[in-house]
Amino acid sequence: MKKFDELTSISFLKDVVKTFYEKIYSHEWIGKYFAEIPQEQIEAQQVDFMVGALGGPKNYAGQLPTTAHNAMMITEQLFDLREELLLESLEEHKASRELIERWLKIDEAFRHKIVKKKISECVKNYATEEILDFPNPMKKVS
Ligand code: HEM
């Protein structure tokens with residue numbers, strides 16, 4: 001497996017992550033989950049996290065993705081949507097096949113810890129934390 005420096009660079013990851021969160025923030029559904037979070041902050045956390053996970057310098061000091069998403073109602077469909085926007089971003093920046101595969105594999109490893117079937121599976125990390133639950137606005141009501 002390629003070492004981090006042979007695989008990619010921090011500046012390339014920053015560019016991909018910027019494109020990714022542009023898509024996330026402007027999306028009518030997943031964007032709602034980020035309404036209270038400054039975009040530069042989440043971009044910086046995401047870059048640090050991915051650099052570390054891909055074998056680069058370990059600068060990430062935030063929560064583990066499992067804990068960070070405890071209080072968010074994230075369905076399989078929402079998780080798939082995030083993955084789709086990520087893949088589009090990687091492809092727009094002409095990322096290598098290997099980088100795409102390794103990035104998606106890391107994210108996929110968290111799927112079963114982050115995705116919930118029902119709202120009762122959400123857990124607040126602290127008493128005043130709000131549970132984030134937004135229905136898919138694109139879903140047809142029949
Ligand atoms: C549909 C799926 C996802 C949604 C809606 C989502 C949403 C969010 C939101 C709103 C935050 C900000 C939390 C806060 O600061 O209060 C966050 C943080 C974060 N997310 Fe996600 N996320 C998803 C999936 C993932 C995945 C798959 C990963 C990586 C494996 C990931 C990695 C992170 C990291 C590293 C943070 C920063 C944690 C911290 O604040 O310390 N997320 N996410």
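Quick note: residue numbers are just sequence positions, from 1. All values reported here derive from a predicted model rather than from experimental measurement. Remember, it's 1-based here, ligands and their atoms both numbered in the order they're listed.
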*Asks:* For the residue pair Leu99 and Phe12, what are the closest heavy atoms and their distance?
*Replies:* CD2-CE2, 3.6 Å
*Asks:* Write down the atom of Leu54, the atom of Arg102, and the distance for their closest heavy-atom approach.
*Replies:* O-NH2, 3.2 Å
*Asks:* Identify, by atom number and element, the atoms of ligand 1 in contact range of Gly62, meaning under 4.0 Å from any of its heavy atoms.
*Replies:* 41 (O)
*Asks:* What residue and atom, counting heavy atoms only, is the protein's closest point to atom 7 (C) of ligand 1, and at what distance?
*Replies:*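 Looking at atom 7 (C) of ligand 1, the protein heavy atom closest to it is Phe34 CZ, 3.2 Å.
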*Asks:* Output the list of atoms in ligand 1 that are nearer than 4.0 Å to some heavy atom of Ile74, sorted by atom number.
*Replies:*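 In order of numbering, the contacting atoms are 1 (C), 2 (C), 3 (C), 4 (C), 5 (C).
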*Asks:* Membership question, hydrophobic clusters at under 4.5 Å side-chain separation (ILVMFWY): are Val115 and Ile131 in the same one?
*Replies:*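 Per the 4.5 Å side-chain linkage, Ile131 and Val115 are not co-clustered.
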*Asks:* Any N or O on Tyr33 sitting closer than 3.5 Å to an N or O of ligand 1?
*Replies:*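 No, since none of the N or O atoms of Tyr33 sits under 3.5 Å from an N or O of ligand 1.
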*Asks:* Out of all atoms in ligand 1, which are within 4.0 Å of some heavy atom of Phe79? Include the element for each.
*Replies:* 1 (C), 27 (C)
*Asks:* Yes or no on salt bridge (charged side-chain N to carboxylate O under 4.0 Å, His left out) for Asp107 and Arg82, after CA distance, side-chain angles and deciding distance?
*Replies:* CA-CA 10 Å; Asp107 281 10; Arg82 180 186 184 274; 2.8 Å; yes
*Asks:* Regarding atom 12 (C) of ligand 1: of the candidates Leu64, Ile42, Ile24, Leu81, which has the closest heavy atom?
*Replies:* Ile42
*Asks:* May I ask you to decide if the ring planes of Phe34 and Tyr25 are parallel, tilted or perpendicular, using 30° and 60° as cut-offs?
*Replies:*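 Tilted, since the angle between the ring planes falls between 30° and 60°.
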*Asks:* Could you list which atoms of ligand 1 come closer than 4.0 Å to a heavy atom of Phe110?
*Replies:*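 Atoms satisfying the 4.0 Å criterion: 30 (C).
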*Asks:* Which of the atoms in ligand 1, numbered in the order shown and given with their element, are less than 4.0 Å from a heavy-atom of Gln63?
*Replies:* 39 (C), 40 (O), 41 (O)
*Asks:* Quick one: nearest non-hydrogen protein atom to atom 13 (C) of ligand 1, plus distance?
*Replies:* Met72 CE, 3.9 Å
*Asks:* What are the atoms of ligand 1, with element, lying closer than 4.0 Å to any heavy atom of Ala68?
*Replies:*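 Every atom of ligand 1 under 4.0 Å from some heavy atom of Ala68: 38 (C).
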*Asks:* Examine Tyr60 against ligand 1 and note whether any of their N/O atoms are separated by less than 3.5 Å.
*Replies:*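 Yes, at least one N or O pair falls under 3.5 Å.
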*Asks:* Go through the steps to decide whether Glu130 and Lys124 satisfy the test salt bridge (charged side-chain N to carboxylate O under 4.0 Å, His left out), and finish with yes or no.
*Replies:* CA-CA 7 Å; Glu130 273 189 49; Lys124 293 183 184 187; over 6 Å; no
